[in-house]
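One structure coming up, written as structure tokens, with questions to follow.
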Amino acid sequence: MASSAARGRRAVIEAPGRQQQRQERLSGQHERLWAFLVLGGGALLPRPSGLHREPAPAAHQSAEPSFRQGPLPGQDPEVDSRKIDQEGRIPDETLEKLKSLGLFGTQVPEEYGGLGLSNTMYARLGEVIGLDASIAVTLAAHQAIGLKGIILAGSKEQKARYLPRLASGEHVAAFCLTEPASGSDAASIRTRATLSADKRHYILNGAKVWITNGGLANVFTVFAKTEVVDSDGSVKDKITAFIVERDFGGVTNGKPEDKMGIRGSNTCEVHFENTRVPVENVLGEVGGGFKVAMNILNSGRFSMGSTVAGMLKKLIEMTAEYACTRRQFGRSLSEFGLIQEKFALMAQKAYVMESMAYLTAAMLDAPGFPDCSIEAAMVKVFSSEGAWTCVSEALQVLGGAGYVRDYPHERLLRDSRILLIFEGTNEILRMYIALTGLQHAGRILTARVNELKRGNVTTIMETVGQRLRDSLGRTVDLGLTGKLGVVHPSLADGAHKLEENVYYFGRSVETLLLRFGKTIVEEQLVLKRVANVLINLYGMAAVLSRASRSIRLGLRDHDHEVLLASIFCSEAYHQNLFTLSQLDKHSPENLDELLKKVSQQILEKRAYICTHPLDRTS
Amino acid sequence: MRQLRLREIRAFYHGHAASRPLDWNSTPGLSLSPKGVKILAASLRAAVGGCPTGKGMSWAQAILLARGLSRGWGGICSTALTGAPFSQVPPQAPRGLRCSAAAHNPDSSLVPRPPEPPRRPVKALAVHEELFRPALDGTRDKANFVRAVQNFAEYNVHKRGHVDFIYLALRKMREYGVERDLSVYNLLLDVFPKEVFRPRNIFHSIFLHYPRQQECGIAVLEQMENHGVMPNNETEFLLVQIFGRKSYPMLKLVRMKLWFTRFKNINPFPVPRDLPQDPVDLASLALRHMEPDLSARVTTYQMPLPKDSPDTMDPTETHIVGIQSPEQQSALARHDPARPIFVEGPFSLWLRDKCVYYHILRADLLPPEEREVEEIPEEWNLYYPMQLDLAYGRSSWDDYKFDIDEVEEGPVFAICVAGAHDQATLAKWIQGLQETNPALARIPVVFRLSGSSGELLASSSELEEPPPPPPPPEGQEEEEDSQQRQQQGQS
């Protein structure tokens, strides 16, 4: 349903009205590329009123003061993150408090006893919860993936049966997909569910690993292989999703894993041994588990942006406190340029990921259940990498003090490392971003590419003429600025950069598709660059939109926002230019062939190859 | 100056005193007598010393005279000047003054191999031979060798006959197991008297100065080269002291230093210098050497019986060592049981000076119409699409692959090295493979063993006799089939 809605919107863009046709003649392929840029998301660019449009509910206001970034000397916090980290578990009182605040059911519809928050509000709440990574992960595993399946694919009876108790926190949910032999490879799932003789139960057998909340949960969303009779009569193994209660019997879990970060969260193996699952507990259709899993995973990602931004804001406070009080050579650290630079970086990253997250949330909240999985993936990649860089830089400001446990920085560093890994590693998400985008662009460009390949003289002449004009230096104007433009004039510079990047990115994508066709799936280094440019473009669009809105609404300190937005646009612009030049054929900046050679040689020997610098032949 | 020259000549003369009788005896065909040499020496001495008036003139004359004389000997010198190899005990060539004679034989190495007995008893060498008498306990090791060399220097203060001693020592090195020891070579070079053979002027450098000594020096370096011993600074220092910078041994040294470094690591698949003696270890080394996949597992299917056990004669009780990678294992599991697989071999593999014979388990290439097209399952990757729904592929101008015609071969499923090459032994290997490859029980195995296993089989007494010619393959296949069926029935 989601994809059909998205396709409908794309169709509108693909079949423009007369006025749009005229525009297209003027500006080439911009319309298409815009569609490509904001793939699937109907909302094109700035939608000033889309951000923060709902009033904050009481729940998160009351929750906020109860979270403190623990162990700064002299503070006595209610939630002691340091203790949680050291003891490896969240105290029961804290969990009770979270439950009483309704935080276990933030996105459960109100009719089932949840808070029924919109995506935007959920993101806002994430900022507060993100102050303690263990709690954030526990809650996310419970509601962003654990019970999400029931909300997305569950029947009325299933919802009525499970959601109220899950929303109140009486039951905790867990998401069981990963297996020892199966990470993102669904074909190698070994857990198996066989229909019992009376056809009323499925017998579930198998083992799942790295299940967050595996030890606490009472309700599991489990994916297993079942035999499905195809339409042509052949029997196939297909994945089916089940809701499994612990009380069904045969559910055991291993001891909690000893992790590097997020130590307070409970991660363990879960085993199912002849667990009898009633047929009513099949989630979605039998054999339709793959789609359920994909939808759950895709929907859970966008909130990472705001969660990380919340953590970064707190981090900037703490680090600035240190930098302004620590004195060296008769000056405070904050007066040194190299230290100042780090704060600018942290603020910029936080600003960008916040903007991206809320833009995505607003798009998700738009009527019509839009498919924003690419945007969500972009937010996840950007925010996880931003978190890692920023925490590392903050720790650097503290120097040796950051390395010891008196300050929370080392814990934050350990905690933030998992962000690059879970919910789809960043590498895999980059593939997703690039390939889904290219698929869309490829469909649009098929006719044109075919004509070029067939040697249609007009098309070729057109293309050559376009390239010629491009190389002579053209100014790209997509209408972001100007009288009717959505970007405020004080951000015109950034907007022009975005426009130029978008235009040339479109050119590169066309060339890439022409060059590689469907074999581009194998060109992972190319895909990585496409994804990087896309993430930057989305970030630029998000900050331009947000900063323009701030200026127009007259928010406080909007000049600071303009600064951050300009900095990011400029940086991203140059990064994009470099990346695009790497995507050219025979580009001297592109070292892929050499890199491949080196890694091949190393992997063949499975060792570092060079001899020791002290080695000699004589 | 003159004194020095004379002493040099005398030293040289003495240096060869020991070996001279041999030369005379061994060259009856040449019209050269002791008397002739004496005349030559006298004339040289006269040329060098007996011309007090015109010094420079006399030197030139002397050298020219020497040149002329040597040419008169039938171009004996020329071979030495070109640095051609020569044999140590040439039966037909005399050793002339400052010239060595050699039959130009490119195949002969500088130093003959130790097992090769001298063609005739050499009395003169016996002088030094006793230095290399085996010690009381019969051990021959580095200490004994070093003692022999030191004894020579000790008892022979004038270093008389040092050239012969060095040649002898070079031949003895292998017996003492010091042929790869740089310090021993340096010790040998140290036997040469220092400063004596250095050229004093440009003419010495132009004309091979003390050729016999220089050749001996080259022989030492050559033996080092053959055993892959890289000279070090001490070697260089010794050579400078002995022969000077502008000499042939130095030239050789410089060349060795240049090329050794470049050739030392030229083999991308290096073999360890000392190969294991145990056949099982050697076999696993050979298998590792052949198999590129590092995940492959070496399995010893059968250990050889200890030597003293009574049924040593049973040829089936030899070692069987095999290797198989996980990929080969899964390929074998996928193999269509209707198609037979083959045990082929033996094929030879050389590891330094040892030859190992191996067998492979392989299948024929599937005909093109039966190959399965790998298709990407629909629901495979949870995170991103594995293929794009596009109508066009890679453009031809972005295809960087060279146009290479490759001969496709059938898959190889496993390799083994066994002590015997007969069918009974190899059947044991197949049985062992079945433990990890259950699919093998259903696949008919055909033994295609070739009669001759390589060029050295006949000459080497260690190896078993070649396996009997294989019976016609059809019958064998049936037999194997029935065997397999029996096994299936049992299991």
Side-chain angles (χ1 to χ4, degrees), chain A residues 177 182-189 223 236 238-239 287-291 293-294 297-298 377 423-425 427-436 438-439 442-443 445-446 449-450 452-453 512-523 527 585 593 603-607 611 616-618, chain B residues 182 221 224-225 228-236 253-270 288-289 291-296 325-326 330 374-401:
Chain A
L177 177 63
S182 155
S184 39
D185 176 1
S188 54
I189 284 183
F223 295 85
K236 266 190 177 174
K238 282 200 154 187
I239 300 165
F290 189 83
K291 285 226 164 61
M294 245 172 55
L297 289 170
N298 281 340
E423 301 218 25
T425 63
E427 285 72 20
I428 272 183
L429 289 182
R430 283 203 163 90
M431 293 298 110
Y432 175 72
I433 294 165
L435 284 172
T436 319
L438 287 170
Q439 174 70 75
R443 276 205 205 100
L445 290 174
T446 300
V449 171
N450 280 343
L452 278 177
K453 291 213 169 186
L512 286 176
L513 283 170
L514 207 56
R515 278 174 62 190
F516 296 111
K518 55 183 163 190
T519 59
I520 201 166
V521 179
E522 296 302 317
E523 304 285 333
L527 293 175
K585 201 176 174 180
E593 288 308 311
L603 293 174
E604 199 175 299
K605 297 209 171 162
R606 303 191 187 177
T611 50
R616 12 184 330 152
T617 45
S618 58
Chain B
L182 176 62
L221 291 171
M224 288 168 74
E225 184 181 311
V229 181
M230 177 75 185
N232 65 356
N233 283 344
E234 194 191 339
T235 322
E236 187 178 353
L253 180 98
V254 170
R255 285 173 179 162
M256 278 168 82
K257 282 182 100 166
L258 178 73
W259 291 112
F260 261 40
T261 49
R262 281 152 183 74
F263 287 145
K264 191 180 174 193
N265 295 314
I266 206 163
N267 184 359
F269 309 105
R288 283 259 171 246
H289 200 68
E291 175 63 56
D293 190 347
L294 294 178
S295 319
S325 69
S330 57
E374 268 189 39
E375 58 176 32
I376 297 174
E378 207 176 305
E379 296 184 345
W380 196 6
N381 193 321
L382 281 163
Y383 289 93
Y384 64 90
M386 298 291 272
Q387 55 185 351
L388 284 189
D389 178 22
L390 294 179
Y392 40 92
R394 188 180 281 257
S395 67
S396 54
W397 65 86
D398 220 83
D399 202 349
Y400 294 114
K401 280 191 197 117

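Protein chains get the first letters and strands the later ones, always in sequence-line order, with residue 1 at the start of each.
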Between A/Ile189 and A/Leu177, is there a side-chain heavy-atom distance shorter than 4.5 Å?
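Sidechains of A/Ile189 and A/Leu177: in contact.
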Would you find more than 12 non-hydrogen atoms of other residues, nucleotides or ligands less than 6.0 Å from A/Lys585 atom NZ?
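Atom NZ in A/Lys585 is crowded, with more than 12 foreign heavy atoms closer than 6.0 Å.
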Using the rule side chain to side chain contact (heavy atoms under 4.5 Å, CB included), only one of B/Ile266, B/Thr261, B/Asn267 pairs with B/Phe263; which is it?
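Single side chain to side chain contact (heavy atoms under 4.5 Å, CB included) partner of B/Phe263 among B/Ile266, B/Thr261, B/Asn267: B/Ile266.
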Value rounded to 0.5 Å, distance of CD in B/Gln387 from CD1 in A/Ile520
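Answer rounded to 0.5 Å: 15.0 Å.
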For B/Asn265, which atoms come within 4.5 Å of any heavy atom of chain A: side chain, backbone, both, or neither?
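For B/Asn265, the contact with chain A is made by the side chain alone.
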Mind ranking A/Asn298, A/Leu429, A/Ile239, A/Val521 by heavy-atom pairs under 4.5 Å with chain B and telling me who comes out on top?
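Highest number of pairs under 4.5 Å: A/Val521.
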Determine whether B/Phe269 and B/His289 make a side-chain contact, defined as any pair of heavy atoms from C-beta on separated by less than 4.5 Å.
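In contact.
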Counting only heavy atoms from other residues, nucleotides and ligands, does the tally under 6.0 Å from CZ of B/Arg288 exceed 12?
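Buried by this count: over 12 neighbours within 6.0 Å.
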Heavy-atom distances under 4.5 Å only: say whether A/Glu523 touches chain B with side chain, backbone, both or neither.
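Contact with chain B: side chain only.
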Less than 4.5 Å to any heavy atom of chain A: does that hold for the side chain of B/Ser295, its backbone, both, or neither?
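Both backbone and side chain of B/Ser295 come within 4.5 Å of chain A.
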Pick from A/Ser182, A/Ala187, A/Ser184 with the largest number of heavy-atom pairs that fall under 4.5 Å of chain B:
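When all of A/Ser182, A/Ala187, A/Ser184 are compared, A/Ser184 has the most.
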Looking at residues at least two apart in the chain, or sitting in another chain, which of them share a side-chain hydrogen bond (donor to acceptor under 3.5 Å, both in side chains) with A/Glu604?
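Testing A/Glu604 for side-chain hydrogen bond (donor to acceptor under 3.5 Å, both in side chains), a comparison that skips the adjacent residues, returns none.
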Contact part of B/Asn232 toward chain A, heavy-atom cut-off under 4.5 Å: side chain, backbone, both or neither?
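Neither part, no heavy atoms under 4.5 Å.
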Heavy-atom distances under 4.5 Å only: say whether B/Phe260 touches chain A with side chain, backbone, both or neither.
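Looking at B/Phe260, nothing touches chain A.
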Below 4.5 Å from any heavy atom of chain B, which atoms of A/Ile428 appear? Answer side chain, backbone, both or neither.
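Both parts, backbone and side chain.
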Winner by heavy-atom pair count (cut-off under 4.5 Å) against chain B, out of A/Arg515, A/Lys518, A/Lys238:
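Going by pairs under 4.5 Å, I would pick A/Arg515.
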